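Following: one structure in C-alpha coordinates, then a few remarks.
Letters go in sequence order (proteins before strands), and every chain restarts at 1. A quick note: this is a predicted structure, and the numbers were derived from the prediction, not measured.
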2 protein chains.
Amino acid sequence: MDSLQKAISDISPLSAESMKMFCSAWKNWQVPKNYFLLKENTVSDYIYFIRKGIVRIYYFKNEKEVTEWIALDEQFFLSITSFFQRKPSHLIIQTIEPSDVYGIYHNTLMALADQYHDVERLLRKMVTLSLIFSQERMDRIQFESAQHRYEKLLQTTPEIIRRVPLTYIASFLGITLETLSRIRSHK
Amino acid sequence: MDSLQKAISDISPLSAESMKMFCSAWKNWQVPKNYFLLKENTVSDYIYFIRKGIVRIYYFKNEKEVTEWIALDEQFFLSITSFFQRKPSHLIIQTIEPSDVYGIYHNTLMALADQYHDVERLLRKMVTLSLIFSQERMDRIQFESAQHRYEKLLQTTPEIIRRVPLTYIASFLGITLETLSRIRSHK
DNA sequence: CTTACTATTTGACAAAAGTCAACTCAAAAT
DNA sequence: ATTTTGAGTTGACTTTTGTCAAATAGTAAG
(Lines give C-alpha, C1' and ligand atoms only; values in the text may rest on other atoms or scores of the structure.)
Protein backbone atom coordinates (compact mmCIF):
# COMPACT_ATOMS: atom_id res chain seq x y z
CA MET A 1 0.00 0.00 0.00
CA ASP A 2 3.02 2.11 0.49
CA SER A 3 3.87 2.97 -3.10
CA LEU A 4 0.24 3.77 -3.85
CA GLN A 5 0.11 6.08 -0.88
CA LYS A 6 3.24 7.83 -2.04
CA ALA A 7 1.86 8.25 -5.57
CA ILE A 8 -1.26 9.81 -4.09
CA SER A 9 0.63 12.17 -1.79
CA ASP A 10 2.79 13.27 -4.68
CA ILE A 11 -0.29 14.49 -6.52
CA SER A 12 -2.17 16.13 -3.67
CA PRO A 13 -1.91 15.84 0.11
CA LEU A 14 -4.78 14.29 2.03
CA SER A 15 -5.71 14.63 5.67
CA ALA A 16 -4.89 11.62 7.81
CA GLU A 17 -8.52 10.55 7.87
CA SER A 18 -9.09 10.93 4.15
CA MET A 19 -5.88 9.11 3.40
CA LYS A 20 -6.87 6.25 5.63
CA MET A 21 -10.33 5.94 4.13
CA PHE A 22 -9.07 6.45 0.62
CA CYS A 23 -6.22 3.97 0.76
CA SER A 24 -8.30 1.26 2.33
CA ALA A 25 -10.79 1.57 -0.51
CA TRP A 26 -8.35 0.15 -3.06
CA LYS A 27 -8.44 -3.51 -3.91
CA ASN A 28 -5.37 -5.40 -4.99
CA TRP A 29 -5.02 -8.07 -7.67
CA GLN A 30 -2.17 -10.17 -8.92
CA VAL A 31 -2.96 -10.78 -12.56
CA PRO A 32 -1.16 -12.92 -15.15
CA LYS A 33 0.17 -11.82 -18.51
CA ASN A 34 -2.41 -11.01 -21.19
CA TYR A 35 -5.14 -10.60 -18.59
CA PHE A 36 -8.04 -8.28 -19.49
CA LEU A 37 -8.66 -5.63 -16.88
CA LEU A 38 -11.26 -4.12 -19.17
CA LYS A 39 -13.03 -5.75 -22.08
CA GLU A 40 -14.58 -3.98 -25.03
CA ASN A 41 -18.14 -2.71 -24.63
CA THR A 42 -18.01 -2.92 -20.87
CA VAL A 43 -18.54 -0.01 -18.52
CA SER A 44 -15.26 0.58 -16.76
CA ASP A 45 -15.71 0.51 -13.00
CA TYR A 46 -12.19 1.16 -11.79
CA ILE A 47 -9.36 3.60 -11.72
CA TYR A 48 -6.23 1.48 -11.60
CA PHE A 49 -2.75 1.87 -10.24
CA ILE A 50 -0.01 -0.41 -11.43
CA ARG A 51 2.59 -1.17 -8.82
CA LYS A 52 4.57 -3.63 -10.87
CA GLY A 53 4.09 -4.87 -14.40
CA ILE A 54 2.86 -3.32 -17.62
CA VAL A 55 -0.52 -2.80 -19.18
CA ARG A 56 -1.56 -1.39 -22.48
CA ILE A 57 -4.73 0.45 -23.27
CA TYR A 58 -5.91 0.05 -26.84
CA TYR A 59 -8.89 -0.03 -29.13
CA PHE A 60 -9.88 -1.17 -32.57
CA LYS A 61 -10.07 1.35 -35.37
CA ASN A 62 -10.94 -0.09 -38.79
CA GLU A 63 -10.07 -3.59 -37.66
CA LYS A 64 -6.67 -2.45 -36.45
CA GLU A 65 -5.36 -2.16 -32.93
CA VAL A 66 -4.46 1.32 -31.79
CA THR A 67 -2.47 1.57 -28.58
CA GLU A 68 -3.58 4.64 -26.73
CA TRP A 69 -1.41 4.32 -23.70
CA ILE A 70 1.14 2.05 -22.07
CA ALA A 71 1.33 2.21 -18.28
CA LEU A 72 4.04 0.86 -16.07
CA ASP A 73 5.91 1.75 -12.89
CA GLU A 74 3.58 3.20 -10.32
CA GLN A 75 1.28 4.88 -12.78
CA PHE A 76 -2.46 5.44 -12.61
CA PHE A 77 -4.58 4.51 -15.61
CA LEU A 78 -8.21 4.19 -16.61
CA SER A 79 -10.64 4.49 -19.45
CA ILE A 80 -11.53 8.12 -18.98
CA THR A 81 -14.63 8.19 -21.14
CA SER A 82 -16.08 5.02 -19.78
CA PHE A 83 -15.24 5.59 -16.14
CA PHE A 84 -16.47 9.17 -15.92
CA GLN A 85 -19.32 9.03 -18.39
CA ARG A 86 -20.44 5.52 -17.42
CA LYS A 87 -20.56 4.41 -21.03
CA PRO A 88 -19.46 1.06 -22.48
CA SER A 89 -15.80 1.36 -23.34
CA HIS A 90 -14.31 1.10 -26.79
CA LEU A 91 -11.01 0.78 -24.96
CA ILE A 92 -9.49 -2.51 -23.91
CA ILE A 93 -7.03 -2.75 -21.03
CA GLN A 94 -4.73 -5.75 -21.02
CA THR A 95 -1.60 -6.69 -19.14
CA ILE A 96 1.62 -7.24 -21.06
CA GLU A 97 3.39 -8.77 -18.09
CA PRO A 98 2.17 -10.45 -14.89
CA SER A 99 1.19 -7.42 -12.84
CA ASP A 100 0.48 -6.17 -9.38
CA VAL A 101 -2.52 -3.90 -9.79
CA TYR A 102 -4.67 -1.82 -7.47
CA GLY A 103 -8.12 -0.54 -8.33
CA ILE A 104 -10.72 1.70 -6.77
CA TYR A 105 -14.36 1.13 -7.62
CA HIS A 106 -16.27 3.94 -9.26
CA ASN A 107 -19.07 4.32 -6.73
CA THR A 108 -16.67 4.04 -3.82
CA LEU A 109 -14.44 6.74 -5.22
CA MET A 110 -17.34 9.04 -5.98
CA ALA A 111 -18.74 8.57 -2.50
CA LEU A 112 -15.35 9.42 -1.01
CA ALA A 113 -15.00 12.45 -3.28
CA ASP A 114 -18.43 13.62 -2.11
CA GLN A 115 -17.62 13.03 1.49
CA TYR A 116 -14.08 14.38 1.61
CA HIS A 117 -13.30 17.66 -0.07
CA ASP A 118 -9.62 16.80 -0.31
CA VAL A 119 -10.35 13.57 -2.17
CA GLU A 120 -12.32 15.57 -4.71
CA ARG A 121 -9.32 17.89 -5.02
CA LEU A 122 -6.99 14.95 -5.49
CA LEU A 123 -9.24 13.63 -8.21
CA ARG A 124 -9.26 17.01 -9.92
CA LYS A 125 -5.49 17.11 -9.86
CA MET A 126 -5.23 13.61 -11.25
CA VAL A 127 -7.47 14.50 -14.15
CA THR A 128 -5.52 17.70 -14.72
CA LEU A 129 -2.27 15.77 -14.94
CA SER A 130 -3.81 13.38 -17.46
CA LEU A 131 -4.95 16.34 -19.49
CA ILE A 132 -1.47 17.79 -19.55
CA PHE A 133 -0.03 14.46 -20.70
CA SER A 134 -2.71 14.14 -23.31
CA GLN A 135 -1.95 17.55 -24.77
CA GLU A 136 1.77 16.94 -24.83
CA ARG A 137 1.22 13.64 -26.55
CA MET A 138 -1.04 15.19 -29.17
CA ASP A 139 1.52 17.84 -29.90
CA ARG A 140 4.19 15.21 -30.43
CA ILE A 141 2.06 13.04 -32.65
CA GLN A 142 0.96 15.91 -34.79
CA PHE A 143 4.20 17.76 -35.27
CA GLU A 144 7.14 15.52 -34.77
CA SER A 145 8.47 12.93 -37.15
CA ALA A 146 8.14 9.25 -36.34
CA GLN A 147 11.88 9.14 -35.83
CA HIS A 148 11.85 11.97 -33.34
CA ARG A 149 8.96 10.40 -31.42
CA TYR A 150 10.80 7.14 -31.17
CA GLU A 151 13.96 8.80 -29.94
CA LYS A 152 12.00 10.74 -27.36
CA LEU A 153 10.42 7.56 -26.03
CA LEU A 154 13.80 5.89 -25.95
CA GLN A 155 15.07 8.80 -23.93
CA THR A 156 12.21 9.22 -21.47
CA THR A 157 11.02 5.64 -20.92
CA PRO A 158 13.55 3.15 -22.28
CA GLU A 159 11.85 0.62 -20.02
CA ILE A 160 8.93 0.53 -22.42
CA ILE A 161 11.13 -0.35 -25.35
CA ARG A 162 12.81 -3.10 -23.43
CA ARG A 163 9.69 -4.72 -22.09
CA VAL A 164 7.01 -4.17 -24.72
CA PRO A 165 6.75 -5.89 -28.14
CA LEU A 166 7.51 -3.58 -31.04
CA THR A 167 4.06 -3.99 -32.56
CA TYR A 168 2.54 -2.25 -29.56
CA ILE A 169 5.22 0.38 -29.40
CA ALA A 170 4.67 1.17 -33.07
CA SER A 171 0.99 1.66 -32.58
CA PHE A 172 1.62 3.69 -29.41
CA LEU A 173 3.85 5.96 -31.48
CA GLY A 174 1.21 6.17 -34.18
CA ILE A 175 3.20 4.41 -36.88
CA THR A 176 3.29 0.98 -38.48
CA LEU A 177 5.51 -1.82 -37.31
CA GLU A 178 7.48 -1.63 -40.56
CA THR A 179 8.21 2.05 -40.19
CA LEU A 180 9.38 1.52 -36.63
CA SER A 181 11.61 -1.31 -37.73
CA ARG A 182 13.20 0.94 -40.36
CA ILE A 183 13.74 3.75 -37.87
CA ARG A 184 15.47 1.34 -35.51
CA SER A 185 17.77 -0.05 -38.17
CA HIS A 186 18.96 3.39 -39.23
CA LYS A 187 21.62 3.18 -36.57
CA MET B 1 -24.22 36.58 -16.62
CA ASP B 2 -27.05 34.33 -17.57
CA SER B 3 -25.40 32.27 -20.29
CA LEU B 4 -22.32 31.72 -18.13
CA GLN B 5 -24.51 30.51 -15.30
CA LYS B 6 -26.27 28.10 -17.62
CA ALA B 7 -22.97 26.76 -18.94
CA ILE B 8 -21.86 26.14 -15.37
CA SER B 9 -25.07 24.42 -14.32
CA ASP B 10 -24.88 22.20 -17.37
CA ILE B 11 -21.55 20.85 -16.18
CA SER B 12 -22.28 20.45 -12.48
CA PRO B 13 -24.94 21.89 -10.20
CA LEU B 14 -23.90 24.32 -7.48
CA SER B 15 -25.69 25.26 -4.30
CA ALA B 16 -27.33 28.68 -4.34
CA GLU B 17 -24.57 30.16 -2.22
CA SER B 18 -21.71 28.68 -4.23
CA MET B 19 -23.34 29.75 -7.45
CA LYS B 20 -23.76 33.29 -6.20
CA MET B 21 -20.17 33.54 -5.01
CA PHE B 22 -18.81 31.78 -8.04
CA CYS B 23 -20.68 33.80 -10.63
CA SER B 24 -19.85 37.10 -9.05
CA ALA B 25 -16.17 36.23 -9.20
CA TRP B 26 -16.09 36.44 -12.98
CA LYS B 27 -14.99 39.63 -14.65
CA ASN B 28 -16.25 40.69 -18.03
CA TRP B 29 -14.40 42.30 -20.92
CA GLN B 30 -15.38 43.53 -24.34
CA VAL B 31 -12.31 43.04 -26.46
CA PRO B 32 -11.64 44.00 -30.08
CA LYS B 33 -10.52 41.74 -32.89
CA ASN B 34 -6.93 40.45 -32.71
CA TYR B 35 -6.69 41.23 -29.02
CA PHE B 36 -4.28 39.15 -26.97
CA LEU B 37 -5.89 37.53 -23.95
CA LEU B 38 -2.64 35.73 -23.27
CA LYS B 39 0.80 36.54 -24.58
CA GLU B 40 3.66 34.14 -24.97
CA ASN B 41 5.85 33.51 -21.92
CA THR B 42 3.28 34.88 -19.54
CA VAL B 43 1.73 32.96 -16.70
CA SER B 44 -1.94 32.56 -17.49
CA ASP B 45 -4.10 33.87 -14.69
CA TYR B 46 -7.57 33.18 -16.02
CA ILE B 47 -10.02 30.58 -17.08
CA TYR B 48 -12.13 32.23 -19.73
CA PHE B 49 -15.63 31.86 -21.03
CA ILE B 50 -16.57 33.30 -24.39
CA ARG B 51 -20.11 34.51 -24.60
CA LYS B 52 -19.89 35.92 -28.09
CA GLY B 53 -17.03 36.03 -30.53
CA ILE B 54 -14.18 33.70 -31.39
CA VAL B 55 -10.71 33.14 -30.02
CA ARG B 56 -7.93 30.91 -31.11
CA ILE B 57 -5.31 29.31 -28.94
CA TYR B 58 -2.02 28.71 -30.71
CA TYR B 59 1.72 28.43 -30.30
CA PHE B 60 4.86 28.53 -32.34
CA LYS B 61 6.56 25.30 -33.30
CA ASN B 62 9.64 25.64 -35.52
CA GLU B 63 8.69 29.20 -36.43
CA LYS B 64 5.23 28.10 -37.51
CA GLU B 65 1.90 28.78 -35.89
CA VAL B 66 0.06 25.75 -34.62
CA THR B 67 -3.57 26.30 -33.69
CA GLU B 68 -4.37 24.14 -30.72
CA TRP B 69 -7.95 25.12 -30.22
CA ILE B 70 -10.63 27.45 -31.54
CA ALA B 71 -13.30 28.49 -29.05
CA LEU B 72 -16.62 30.11 -29.80
CA ASP B 73 -20.20 30.07 -28.62
CA GLU B 74 -20.38 29.82 -24.87
CA GLN B 75 -17.27 27.73 -24.46
CA PHE B 76 -14.72 27.72 -21.69
CA PHE B 77 -11.06 27.90 -22.61
CA LEU B 78 -7.68 28.34 -20.96
CA SER B 79 -4.03 27.45 -21.17
CA ILE B 80 -4.15 24.30 -19.14
CA THR B 81 -0.44 23.95 -18.50
CA SER B 82 0.12 27.53 -17.60
CA PHE B 83 -2.99 28.05 -15.52
CA PHE B 84 -2.70 24.91 -13.44
CA GLN B 85 1.05 24.61 -13.23
CA ARG B 86 1.68 28.35 -12.93
CA LYS B 87 4.33 28.26 -15.63
CA PRO B 88 4.90 30.81 -18.40
CA SER B 89 2.76 29.81 -21.34
CA HIS B 90 3.99 28.77 -24.73
CA LEU B 91 0.40 29.26 -25.80
CA ILE B 92 -1.01 32.48 -27.15
CA ILE B 93 -4.69 33.32 -26.92
CA GLN B 94 -6.00 35.86 -29.40
CA THR B 95 -9.44 36.93 -30.52
CA ILE B 96 -10.46 36.44 -34.12
CA GLU B 97 -13.56 38.61 -33.78
CA PRO B 98 -14.56 41.34 -31.34
CA SER B 99 -15.60 39.28 -28.35
CA ASP B 100 -17.54 39.29 -25.13
CA VAL B 101 -15.35 37.42 -22.71
CA TYR B 102 -15.57 36.44 -19.05
CA GLY B 103 -12.65 35.40 -16.92
CA ILE B 104 -12.07 34.12 -13.43
CA TYR B 105 -8.75 34.83 -11.74
CA HIS B 106 -6.61 31.89 -10.70
CA ASN B 107 -6.31 32.69 -7.01
CA THR B 108 -9.96 33.58 -6.74
CA LEU B 109 -11.01 30.31 -8.32
CA MET B 110 -8.67 28.27 -6.19
CA ALA B 111 -9.89 29.99 -3.05
CA LEU B 112 -13.49 29.24 -4.04
CA ALA B 113 -12.62 25.63 -4.84
CA ASP B 114 -11.03 25.34 -1.40
CA GLN B 115 -13.94 26.93 0.31
CA TYR B 116 -16.80 25.24 -1.54
CA HIS B 117 -16.66 21.54 -2.14
CA ASP B 118 -19.10 21.81 -5.02
CA VAL B 119 -16.91 24.35 -6.81
CA GLU B 120 -14.03 21.90 -6.60
CA ARG B 121 -16.31 19.25 -8.07
CA LEU B 122 -17.34 21.59 -10.87
CA LEU B 123 -13.71 22.23 -11.64
CA ARG B 124 -12.99 18.52 -11.70
CA LYS B 125 -15.82 17.96 -14.13
CA MET B 126 -14.64 20.79 -16.36
CA VAL B 127 -11.16 19.32 -16.54
CA THR B 128 -12.63 15.88 -17.20
CA LEU B 129 -14.63 17.23 -20.13
CA SER B 130 -11.51 18.87 -21.55
CA LEU B 131 -9.69 15.61 -21.23
CA ILE B 132 -12.39 13.77 -23.13
CA PHE B 133 -12.26 16.37 -25.92
CA SER B 134 -8.51 16.18 -25.99
CA GLN B 135 -8.52 12.42 -26.40
CA GLU B 136 -11.13 12.49 -29.12
CA ARG B 137 -9.16 15.12 -30.97
CA MET B 138 -5.94 13.14 -30.72
CA ASP B 139 -7.68 10.08 -32.08
CA ARG B 140 -8.98 12.03 -35.05
CA ILE B 141 -5.64 13.64 -35.82
CA GLN B 142 -3.79 10.40 -35.60
CA PHE B 143 -6.09 8.10 -37.50
CA GLU B 144 -8.32 9.99 -39.82
CA SER B 145 -7.39 11.50 -43.15
CA ALA B 146 -7.21 15.24 -43.54
CA GLN B 147 -10.31 15.07 -45.72
CA HIS B 148 -12.28 13.19 -43.11
CA ARG B 149 -11.22 15.62 -40.40
CA TYR B 150 -12.35 18.56 -42.48
CA GLU B 151 -15.72 16.98 -43.21
CA LYS B 152 -16.20 16.22 -39.55
CA LEU B 153 -15.50 19.82 -38.61
CA LEU B 154 -17.86 21.02 -41.34
CA GLN B 155 -20.51 18.76 -39.90
CA THR B 156 -20.06 19.51 -36.21
CA THR B 157 -19.10 23.19 -36.17
CA PRO B 158 -19.76 24.78 -39.57
CA GLU B 159 -19.67 28.10 -37.71
CA ILE B 160 -15.92 27.79 -37.43
CA ILE B 161 -15.48 27.40 -41.15
CA ARG B 162 -17.66 30.40 -41.86
CA ARG B 163 -16.04 32.72 -39.38
CA VAL B 164 -12.38 31.73 -39.21
CA PRO B 165 -9.68 32.30 -41.89
CA LEU B 166 -8.60 29.10 -43.62
CA THR B 167 -5.01 29.40 -42.47
CA TYR B 168 -6.11 28.94 -38.88
CA ILE B 169 -8.53 26.17 -39.73
CA ALA B 170 -5.80 24.31 -41.59
CA SER B 171 -3.47 24.48 -38.65
CA PHE B 172 -6.30 23.50 -36.28
CA LEU B 173 -6.86 20.42 -38.44
CA GLY B 174 -3.16 19.71 -38.45
CA ILE B 175 -2.62 20.23 -42.16
CA THR B 176 -1.18 22.94 -44.39
CA LEU B 177 -3.21 25.68 -45.97
CA GLU B 178 -2.57 24.20 -49.41
CA THR B 179 -3.83 20.77 -48.47
CA LEU B 180 -6.97 22.28 -46.99
CA SER B 181 -7.53 24.31 -50.11
CA ARG B 182 -7.28 21.16 -52.23
CA ILE B 183 -9.67 19.24 -50.01
CA ARG B 184 -12.17 22.05 -50.33
CA SER B 185 -11.94 22.23 -54.10
CA HIS B 186 -12.55 18.51 -54.54
CA LYS B 187 -16.29 19.17 -54.52
C1' DC C 1 -11.40 53.49 -59.11
C1' DT C 2 -6.72 52.09 -58.26
C1' DT C 3 -3.33 50.41 -55.40
C1' DA C 4 -1.66 47.53 -51.87
C1' DC C 5 -2.15 43.92 -49.15
C1' DT C 6 -3.78 39.59 -47.62
C1' DA C 7 -6.17 35.32 -48.37
C1' DT C 8 -6.74 31.56 -51.21
C1' DT C 9 -5.84 28.56 -55.15
C1' DT C 10 -3.09 25.89 -58.29
C1' DG C 11 0.99 23.40 -60.17
C1' DA C 12 5.18 20.69 -60.00
C1' DC C 13 7.85 18.15 -57.28
C1' DA C 14 9.65 15.94 -52.80
C1' DA C 15 9.35 13.61 -48.45
C1' DA C 16 7.27 10.74 -45.04
C1' DA C 17 4.93 6.99 -44.01
C1' DG C 18 1.76 3.18 -45.40
C1' DT C 19 0.79 -1.34 -47.82
C1' DC C 20 1.63 -5.89 -49.22
C1' DA C 21 4.51 -9.68 -49.68
C1' DA C 22 8.46 -12.29 -48.87
C1' DC C 23 12.05 -13.51 -45.78
C1' DT C 24 14.79 -14.34 -41.34
C1' DC C 25 15.27 -15.71 -36.86
C1' DA C 26 14.33 -17.41 -32.49
C1' DA C 27 11.50 -19.49 -29.21
C1' DA C 28 7.84 -22.88 -28.11
C1' DA C 29 5.58 -27.16 -29.07
C1' DT C 30 5.57 -31.69 -30.51
C1' DA D 1 15.67 -32.78 -33.21
C1' DT D 2 12.28 -31.03 -36.14
C1' DT D 3 8.23 -28.42 -36.99
C1' DT D 4 5.35 -24.63 -36.10
C1' DT D 5 4.48 -20.17 -34.80
C1' DG D 6 5.10 -15.39 -33.98
C1' DA D 7 7.96 -11.35 -33.96
C1' DG D 8 10.65 -8.51 -36.53
C1' DT D 9 13.05 -7.13 -40.94
C1' DT D 10 13.51 -5.87 -45.71
C1' DG D 11 12.15 -4.66 -50.52
C1' DA D 12 9.22 -2.58 -54.06
C1' DC D 13 5.74 0.28 -54.76
C1' DT D 14 1.72 3.59 -53.54
C1' DT D 15 -0.60 7.15 -51.12
C1' DT D 16 -0.93 11.15 -48.51
C1' DT D 17 0.56 15.30 -47.37
C1' DG D 18 4.21 18.86 -47.39
C1' DT D 19 7.08 22.43 -49.79
C1' DC D 20 8.05 26.11 -52.69
C1' DA D 21 6.73 29.17 -56.15
C1' DA D 22 3.60 31.46 -58.88
C1' DA D 23 -1.09 32.94 -60.05
C1' DT D 24 -5.53 34.75 -58.78
C1' DA D 25 -9.26 36.59 -55.98
C1' DG D 26 -10.84 39.54 -52.42
C1' DT D 27 -10.80 43.47 -49.39
C1' DA D 28 -9.50 47.73 -47.35
C1' DA D 29 -7.37 52.20 -47.85
C1' DG D 30 -6.32 56.07 -50.22
Salt bridge A:Arg56-A:Glu68, side-chain N to carboxylate O under 4.0 Å | no

Side chain of A:Glu178 - closest among C:dT8, D:dT10, D:dT19 = D:dT10

Round to the nearest Å and state the distance from A:Leu166 atom CG to D:dA7 atom P.
-> 11 Å

Taking OP1 and OP2 of C:dT10, is either one under 4.0 Å from a side-chain nitrogen or oxygen of B:Ser181?
-> no

Between atom NZ in B:Lys33 and atom P in C:dT6, what is the gap in whole Å?
-> 13 Å

Can you list the residues that meet the side-chain contact (heavy atoms from CB on, under 4.5 Å) rule with A:Ser134, with sequence neighbours excluded?
-> B:Leu131, B:Ser134, B:Gln135, B:Met138

CD1 of A:Ile96 versus C1' of D:dA7: gap in Å, rounded?
-> 14 Å

Which class fits the ring pair B:Phe49 and B:Trp26: parallel under 30°, tilted 30 to 60°, perpendicular over 60°?
-> perpendicular

Donor + acceptor pair across side chains of B:Lys27, B:Tyr46 (<3.5 Å) | yes

Rounded distance in Å - CZ (A:Arg184) to C1' (D:dT10) = 15 Å

Round to a whole Å and report the spacing from NZ of B:Lys61 to C1' of D:dG18.
-> 17 Å

A:Tyr48 (side chain) donor-acceptor with A:Leu37 (main chain) under 3.5 angstrom = yes

Residues two or more places apart in sequence or in another chain: which of them pass ring pair (Phe, Tyr, Trp, His ring centres under 6.0 Å) with B:Tyr35?
-> none

How many Å lie between CG on A:Leu177 and C1' on D:dG11, as a whole number?
-> 15 Å

Gap between atoms NE2 and C1', on B:His148 and D:dT17 respectively (whole Å) | 17 Å

Go along nucleotides 13-18 of chain C 5' to 3' and tag each nucleotide: B for a protein heavy atom under 4.0 Å from its base, S when only backbone or sugar atoms are that close, - otherwise.
-> ----SS

To the nearest angstrom, the CD-P distance between B:Glu63 and D:dT19 comes to 13 Å

